[in-house]
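Fair warning: this is a prediction, and the values are worked out from it, not measured in the lab.
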Amino acid sequence: MTDITVRKAEQLELAREADDRALRVTELNALVKIATILSGPGSTRENSRQVLEVLIEFIGADRAVLRHPDGHGALLTYAAAGQTLMQAHPPAFSTEISDLGVSGQAFTLGRSIVENNHKPGGRTHRVISDRGMRASVGLPIFGGEKTIAVLQVGSKQSGFFTDPMVSLLDAIGKSLAVLLHNAHLRESLEHERSMHERKDDFIAIASHELRTPMTMMMGFTELLLDGEPDAELRKSWYEAIHSQTKRLTGIIDQMLDASNIQAGVIAVDSSPVSLDTIVDRIVDRYSAESPTHRFVIEPRQDLPQVMGDSDRLDQVLVNLIDNAVKFSPEGGNILVSLEHDRSEGTVVVAVTDEGIGMSPADQMRLFEPFERGDRAETDCIAGPGLGLYVARSLVELMGGYIRVRSEDSGGTTFSIGIPVAKSPAESERVYVD
């Protein structure tokens, strides 16, 4: 080997070492900047986007995208950097895993996939690659042993992704894994905390709601055992016991329904039903029981039958009218209207009260179990907070909807829409998925 050849080899080695040092410096600078982002106050999505911007800035790539599985066989764009990609694939853009080229392969196989020499309009591993990109790499991001996301980086330069470059991207991918894993832990902790809070609320509410009627029933039965009151007083005590028994039965029924809904075993038996007949029967009952309220049924024209479960519809409408009574303790009008909505193919029943109303925040939580609103006026109103949750579930099982409209200043309207029966003979049993 001549001296010239030796010197050239030494120069090449020195150049390679210099390139490695430069890449290492780039990696360290990028990781320092990324660490600053990870410790910042932004949301997980925003911090992820900033990490991708750092990535393409430091390595000179043209675009980067972070995707995670949506649970339905597709990858969902979670964050992206690079103008061309943001225009083509905004956040929340979902693509089938099998249609994602290097991203789909990296996610499926759990290893890095590099395509360094792609021709425009050609195919890479049977999948059309990103438009305008001559080189692309997909790197799986792991949470423990599970692939939780995939990072894809693209460049317009062929041969862009060298082995050291892929190693740098892998280091950045590990930083993203920490970010996503911490976000998942936070979400899990928040969900667990929420479940514990709801469990505590349930125990507290159930204990109170069950204890109250039981205490009254025990009190009246003890009075009856202690002596023999006159007939009129005895009758009033029996009526009180009967009333509290009905209340207790209603609470237990709601709890059982809520439990069956969450377990996915509740059912409705659908057949053609006349909603106006059910409404008339319920309003007659409440008109006799609640003299401080004036019930008004708006005149209605001929209404088609709906496809629903008569007993369950009775349960839902009793809940809505009972709510209207309870949450308008000062009395007032309760308006019940029925209308055939031809555009949606439903019969709509709306119950409007002149009560205390509710805030937008309360309306957002209203149909969740054990939610009763966060206002001082509701503290003295009995109920476990399950009625509207059960009502919504039953209505949706019948293919309908339930909606609420209210104002802080007062007045609330609940409406349900139930699909019109297509034929008198139509009947089906529907189960919770």
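A pairwise comparison of heavy atoms in L66 and L52 identifies N-CD1, 3.8 Å as the closest pair. Contact between V153 and A61 at its shortest, heavy atoms only, is CG1-CB, 3.5 Å. The heavy-atom pair separating I356 from P329 by the smallest distance is CG2-CD, 4.4 Å. Of all heavy-atom pairs spanning D309 and M398, the tightest one is N-SD, 3.2 Å. Shown here for G110 and F142, the closest heavy-atom pair between the two residues is O-CZ, 3.4 Å. S406 and G411 make their closest contact through OG-O, 3.0 Å (heavy atoms, listed as atom of the first residue, atom of the second, distance).
At a threshold of 4.5 Å between non-hydrogen side-chain atoms, the residues L313 and S310 do not count as touching. The side-chain heavy atoms of Y238 and L224, taken from C-beta on, include a pair separated by under 4.5 Å. Residues V318 and R285 are in side-chain contact: their nearest non-hydrogen atoms beyond the backbone lie under 4.5 Å apart. In this structure, the side chains of T412 and V351 stay at 4.5 Å or more apart for every pair of heavy atoms. For the pair R294 and V296, the minimum side-chain heavy-atom distance is below 4.5 Å. Using a 4.5 Å heavy-atom cutoff, the side chains of N319 and F414 are not in contact. In this structure the side chain of D269 never reaches within 4.5 angstrom of the side chain of D311, judged on heavy atoms.
The side chain to side chain contact (heavy atoms under 4.5 Å, CB included) search around V279 returns V283, I297, L317, V336, L338, V349, not counting sequence neighbours. Residues satisfying the side chain to side chain contact (heavy atoms under 4.5 Å, CB included) criterion with H293, sequence neighbours excluded, are S290, F295, V325, S328, I334. R403 is linked by a salt bridge (Lys or Arg N to Asp or Glu O under 4.0 Å) to E344, counting only residues two or more places apart in sequence or in another chain. Applying the salt bridge (Lys or Arg N to Asp or Glu O under 4.0 Å) criterion to D341, with sequence neighbours excluded, gives no partner residue. Legend: residues meeting side chain to side chain contact (heavy atoms under 4.5 Å, CB included) with D284, ordered by chain and number and at least two apart, are absent. Residues passing the side chain to side chain contact (heavy atoms under 4.5 Å, CB included) test with E354, sequence neighbours excluded: N333.
Taking OG1 of T346 as the reference point, atom CD of E339 lies at 8.5 Å (rounded to 0.5 Å). With values rounded to the nearest 0.5 angstrom, E115 atom CD is found 11.5 Å from R134 atom CZ. Between the CD atom in E396 and the CD1 atom in I416 there is a gap of 12.0 Å [rounded to 0.5 Å]. Atoms CD and OG1, from Q305 and T277 in turn, are 8.5 Å apart once rounded to the nearest 0.5 Å. Atoms CD1 and CZ, on I402 and F367 in that order, are 4.5 Å from each other to the nearest 0.5 Å. Atom CE of M214 is separated from atom CG of L248 by 6.5 Å, given to the nearest 0.5 angstrom.
Between R49 and E46 a salt bridge is recorded (basic side-chain N to carboxylate O distance below 4.0 Å).
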Is there a side-chain contact (heavy atoms from CB on, under 4.5 Å) between R281 and D314? Walk through the geometry before answering. CA-CA 9 Å; R281 183 173 65 245; D314 187 286; 3.1 Å; yes

Determine, stepwise, if the pair Q315 / V390 fulfils side-chain contact (heavy atoms from CB on, under 4.5 Å). CA-CA 9 Å; Q315 181 180 350; V390 172; 3.7 Å; yes

Would D62 and I56 satisfy side-chain contact (heavy atoms from CB on, under 4.5 Å), going step by step from the backbone distance to the final call? CA-CA 6 Å; D62 290 291; I56 61 176; over 6 Å; no

Pair I266, R312 - check side-chain contact (heavy atoms from CB on, under 4.5 Å), show working. CA-CA 11 Å; I266 200 166; R312 294 300 191 179; 3.7 Å; yes

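Surrounding CZ of R111 are at most 12 heavy atoms belonging to other residues, nucleotides or ligands under 6.0 Å away. Taking a 6.0 Å sphere around CD of E330, one finds it holds 12 or fewer heavy atoms contributed by other residues, nucleotides or ligands.
A side-chain contact (heavy atoms from CB on, under 4.5 Å) with L139 is found for one member of I113, D170, V114, V102 and no other, namely D170.
Checked by atom type, the side-chain pair Y389/D257 shows no donor-acceptor distance below 3.5 Å.
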